[in-house]
Amino acid sequence: MNDTLSAVLKTLNERQYQAVTHNPEIPLQILAGPGSGKTKVLTSRVAYLVQEHKLRPSDICAVTFTNKAASEMRERLNLLIGEEQTKKLRLGTFHALCARFLRQWGKTIGLTDRFTICDADESKKIITNLLKAYDGQLKARRLTLQPGEVLSSISNAKAKGLSSADLFAQAENDIHQIIAELYASYTEALKKMNALDFDDLLVYGVRLYDKEPTLAAWCQHVLVDEFQDTNSMQYRLMLQLAAIHRCVSVVGDPDQSIYGWRAADVGNISAMQKNFTDCKQIMLEHNYRSTGAILGASIAIVSQDTSRIQKSLVTDHAQGTKPALLTFAIEQTEANFIAKEIKRLVACSGGMLTWKDFAILLRFNALSRTLEAALQKESIPNRVLAGHKFFERLEIKDILAYLQLIDNPNYVPAFSRAINVPSRSIGEKTIAAVLEAAASREKSPMELLEGIYEGRYPDVKPAVKGKIREFIPLHQQLRTMATEGGAVPDLIRHIITATRYEDHLRKTQPDWDTRWENVQELINYAQQFDQDPEDIVELPSVEGEDGAQETPLRLFLQASMLSTDTESDDDRNKDTNKVVLSTCHAAKGLEWPVVFVPGVEQGIFPFYRNDDVAEERRLLYVACTRAQAFLYVSYCSKRMTAGEIKDRTISDFISKIPADQKKVFDKAAPIVGPKCIEEVAKVLRRDPPDTDIVEKATKEFGSFAPPRENLLDPNANMYKNTIRGPGSHLAFSSSQPATFQPARMAGIASIANPYPTPSSSQPPPPSQSQIQPQTPHPLMAWASNKPKSSSGPKKFRPMPSSSQPPAGATATLSTFQSTSIDSLKAMKNLGAAETAGSPDMVALGRGAGTKRLGMGFSSGGYKPPSKRAKQE
DNA sequence: ACTTTACCCGTTTTT
DNA sequence: CGGGTAAAGT
Ligand SMILES: Nc1ncnc2c1ncn2[C@@H]1O[C@H](COP(=O)(O)OP(=O)(O)OP(=O)(O)O)[C@@H](O)[C@H]1O
C-alpha cells in the first residue's frame, strides 16, 4: 500500500475504516447521513481494492451520480493510486458507462457502434412532430397533450423497463393509449436515425447483459454512490454487472433521495438486501462537514417526515453560528441582502472566505435571475451551475450538428439543422422532401443529398441541388478529415471557416460576440479529447468481432451529450473563484462554507406542482446540509410570479417545525467577529485570518446599521410608502403591505437606529453622524422563541416570531432597549466586538458611515446584468 | 423561406 | 415580465 492511501486510511474513523477494508466478497451497504464521508469511503475503498486486494483497475466499475462527481472521484484517485491506474477504472455515471458498453458490444443486440445520443431537446422535437398526427384526434375529444408530458411518460416507462406494448396494455384512457402509440413511433424514429436517448442507454445496457451475461465477466467489483437515487433499470444493471463475481459496495442515504420524479426508488436499498442475503450494513454517524447548529436545523426539517427512520448523526465540530431564518418584502430585497451579506462575510472573515465559498441553492433555475442581477450589481463574480445549458445554445448545437452528421449521417436532427446553417434557403418543405426521398431509397439523408449533388439521383421537388454546392463538399471534407484521425478542434475550425460561421453569427444574432466566444470555448473543450488512443483501455472484445472504436470524435460527441458543463480539468483551477448559483438538485454531494437557500416559501418549497411533499422536504434537507459554517434560509412575503406580484408565505417545512425545536433558527443574520471567525476556521480546517484584519472589518461593517430605507430600490417606488406603522410585528400577515426588513429589525435595527419608532410613521433617516456605533447582543432574548400560541390562529404566522415580543408584553421601545442595553453589558464582559449583519448593510469597503448606498448605486462599478443566453 | 407582430401562457428538478 | 408560438406580412 502506498503512503498516500495509508495516510488517508489513518484519518478515517473506526466505522469508516471498517467500511473501506470490509471483505470485498461480502456485499456492502454504507448507509449514512450527509457529510459522514460516504463518498470519501467509497473512493478509498476503490483505492484499497486496487492496492491491497490487487484488483486490476480495469476490473472495477465505480458508478457516480453525475459526471462531475465522476471527475471529482477521478481526481481524488489520481492522488491515491496514481493516474496510470485511475484512468483504467470503469468510472462514470450509469449512462456514460452504458454508452461505453454499447459502443463495444452493441452489435450483440443489433446496435451499430455509430449511434448518436439524442438529447432531451431533440427528443422533444421528435415527439412534437409525431404529436401533430394526433392533433385532430385530440381536438375532437377535447383533450390536450404536451410533448413534455409525453416525453416524461415515456422516460418514466423506460426507467421502469416498460415497453410501449406494456404501456399500451395498461392504458386506462385515450391519453394513455396515445402516449403508448407515441412511445412506439418515437422508438421507431430513433431507431431509423440510429439514435439512443438517455433512457435508452440504460434500457439497451440492460438488454445487452440480459442477452449476454458473460459480458460482465470482467467486473470484479461494482461500487455505486448515491444509491438511494438509482432507478430500477440502474439497479438491474448493477445486478447484472455483479452477477458473476457478486462483489458490490454501495453508499446512500434514504433521507437524501430526491429523484423520485425520475423513477428513482429508495426501495432498491431493501431490494438489495433481498438479492444479497449476506449483505452487510455499516452506518456512519459522524458528520465531518457542518457545525452542530446547521446539522440541528437540518435534522429539525427532515424529522417532520413521520415515515422516516430516525438515525443518529453527530458532528465533531462546535455548535457554531445558528442558521438564519430571514424574511424579506420581495425577491429583489432578498437578493440584495444576499449579495451584501456575502461581501460582509468576505470582509469580516479577513479574506479567509472568498467568493467560491458561497453557494446560493434554489428550488429551480428560474429563481436565479434576481440573484444574478443582485450579485452583478455588487460586482460579485458568480456562475450558474445549470445542467448542460452550454450545449443547448444555438451556436454550439450548430457546430455539433455538423460533427454528428459525420459520425452518423442518419441522424435527422443534426441533418435538418446543419443543412440550413448558414441559411441556404432550405426550409421545412425541402427538408421533408429530402427525408422522404431518402426513406424511399433506403438511404441516409446525407447519402441522398450527396447523390443529388453528384447527379446520381434526381433533385427533389423544391429544388435543393443548387443550394448545397458548399454544404456537400464541406461534409465530405470533414468526413475525410475524421477518418484520417483529424483532431476534433481541427474539425470544428474547418467548419467555422468553411461556413464563415462568425459572419453568420454577426448577421443573425444580436449577441453574436458572446456566442462566438462560446464557439471558441467549444474548441477549447474539444482539446481534451485528443488523447493518445493508446490511453484508451478497451473493454474485452467479443470473440470474432472487432471491438468498436472509440474515436476522439465519438468520445467528444458523447461527452457533449452526457456532460453537464464544460468545466474541463484546466478550467477547474483557474477562474472559478465565483459564487455558485445552483439548484438544490445539482448541489447534491457538494459542500460550501456558506449556503443561502432563498425562496423557502409555500409553492416553491414544496413546489406547488409536486405531490411528493416528503421528497420536497428532503430536498430542502439536502440543501441545508451542504453548508459547513453558515446557513441562511429565507423567504419573501411577496414575489413576482407569472407576471404578477403575489403574496407568499413561509414554507411549511419551516413553520411546522415543532415549537420546542423552533430555536434551531435565528431570526436574524448572524453575528460575526473574531471569535466566530476563529470557530469557522476550525470547521473549515483553514488557517484563521489575522485578528486585526477581522476586527477592523468587523468595525467597518458592524458598527452601525443604516436605517432600513436604504434597502429600498429607488426604482421600486411602489413600496416606498408602505413601510409599516405601529403593528410592525404583524406586518407580514398577508393582508398587509410589504415591509422590508428581515426579522432582525426588532433587535438590531432598533438598536442602531436612533429612531426605532414602532409607532406611527417612519422618521426621516438620520444623518450618518447620528448613528451610534453599537453592538448587539449575540443572544437576543426573544430572537429564538416561538410566538405564544395563544396570540394567534393555529396557522403559523408568516411574521417571524423574533420581531414579536412575548405575548402579554407590550411591544414598546423600552422592551427593545432594555434588551439592547443588557446586550451591551454582556458584550463587554465577553470582550468581543461581534457584529451582526443587517440587510441594510452598506457596500463593502466603504468606511463606516462615509457613504450610504441605495440600490443601483453600487460602489463596485455597475455592470448591466448580462443578457441571458438564448438557447436553441 | 424568412421576418415581424400579436397574443398567450405560466414558471421544476436531470442523466 | 418574458419566452414561445401562431398568424400575419415581405
Ligand atoms: N474521517 C474524516 N476526517 C476528516 N474529514 C472527513 C472524514 N470523513 C469525511 N470527511 C470530510 O467530510 C466532508 C464530507 O464528506 P463526503 O462528501 O464524503 O460525505 P458524504 O457522506 O458523501 O456526504 P453527502 O451525503 O452529503 O454526499 C468532506 O469534506 C470530507 O473530506
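Keep in mind that the numbers below use all heavy atoms, side chains included, and drop hydrogens, waters and symmetry copies. Every chain is numbered from 1 and lettered A, B, ... according to where its sequence line falls, protein lines coming before strand lines.
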Drop me the distance from [X]'s [atom1] to [Y]'s [atom2], to the nearest 0.5 angstrom.
X	Y	atom1	atom2	answer
A/Met561	A/Thr116	CE	OG1	8.5 Å
A/Leu385	A/His585	CG	NE2	14.5 Å
A/Met640	A/Lys646	CE	NZ	10.5 Å
A/Tyr453	A/Leu448	OH	CG	15.0 Å

Taking the side chain of [X] as its heavy atoms from C-beta onward, which of [options] lies nearest to it?
X	options	result
A/Phe364	C/dG3, C/dC1, B/dT12	B/dT12
A/His585	B/dG10, B/dT13, C/dG3	B/dT13
A/Met640	B/dT15, B/dC2, C/dC1	C/dC1
A/Lys429	B/dC2, B/dA1, B/dG10	B/dA1
A/His95	B/dC2, B/dT15, B/dT12	B/dT15
A/Thr93	B/dT13, B/dC2, B/dT15	B/dT15

If you pin A/Leu562 and A/Thr508 to their nearest nucleotides in DNA chain B, which one's is more 5'?
->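 The answer here is A/Thr508.
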With nearest nucleotides of DNA chain B determined for A/Ser155 and A/Thr430 from heavy-atom distances, which residue corresponds to the more 5′ nucleotide?
->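 So the residue in question is A/Thr430.
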Report the distance from atom [atom1] of [X] to atom [atom2] of [N], rounded to the nearest whole Å.
X	N	atom1	atom2	value
A/Asp121	B/dT14	CG	P	14 Å
A/Gln234	B/dT14	CD	P	15 Å
A/Leu367	B/dG10	CG	P	18 Å
A/Leu201	B/dT15	CG	P	13 Å
A/Glu392	B/dT14	CD	P	11 Å
A/Gln509	B/dC2	CD	C1'	14 Å
A/Lys124	B/dT14	NZ	C1'	13 Å
A/Ile604	B/dG10	CD1	P	18 Å

Looking for any heavy atom pair under 4.0 Å, which part of the strands does [X] touch: base, sugar-phosphate only, or nothing?
X	value
A/Asn420	sugar-phosphate
A/Tyr608	sugar-phosphate
A/Gly427	sugar-phosphate
A/Thr641	base
A/Glu644	nothing

Before giving the answer on ring pair (Phe, Tyr, Trp, His ring centres under 6.0 Å), spell out for A/Tyr204 and A/Phe115 the whole-Å C-alpha distance, their side-chain angles and the decisive distance to 0.1 Å.
-> CA-CA 12 Å; A/Tyr204 286 83; A/Phe115 63 83; 8.5 Å; no
OP1, OP2 of B/dT14 versus side-chain N and O of A/Thr583: anything below 4.0 Å?
->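 Result: yes.
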Has A/Asn365 got a side-chain N or O lying under 4.0 Å from the OP1 or OP2 atom of B/dT12?
->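 So the side chain of A/Asn365 is outside the cut-off, no N or O lying under 4.0 Å from OP1 or OP2 of B/dT12.
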Which of residues 257-267 of chain A sit near DNA chain B, with a heavy atom under 4.0 Å from it?
->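 Close to the strand are A/Tyr259, A/Trp261, A/Arg262.
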Electrostatic pair A/Glu122-A/Lys397, nearest N-O below 4.0 angstrom |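 Salt bridge: yes.
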Under 30°, 30 to 60°, or over 60°: which ring-plane class applies to A/Tyr259 and A/Phe65, parallel, tilted or perpendicular?
->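 Answer is tilted, since the angle falls between 30° and 60°.
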Where does the angle between the aromatic ring planes of A/Tyr525 and A/Phe529 fall among parallel (under 30°), tilted (30 to 60°) and perpendicular (over 60°)?
->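 Rings of A/Tyr525 and A/Phe529: perpendicular, over 60°.
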Look at the side chain of A/Arg363 and the base of B/dT12, then say whether one donor and one acceptor between them are separated by less than 3.5 Å.
->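 For A/Arg363, whose side chain was compared with the base of B/dT12, there is a donor-acceptor pair (under 3.5 Å).
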Trace of the side-chain hydrogen bond (donor to acceptor under 3.5 Å, both in side chains) decision for A/Gln332 with A/Glu334 | CA-CA 5 Å; A/Gln332 282 82 1; A/Glu334 184 182 47; over 6 Å; no
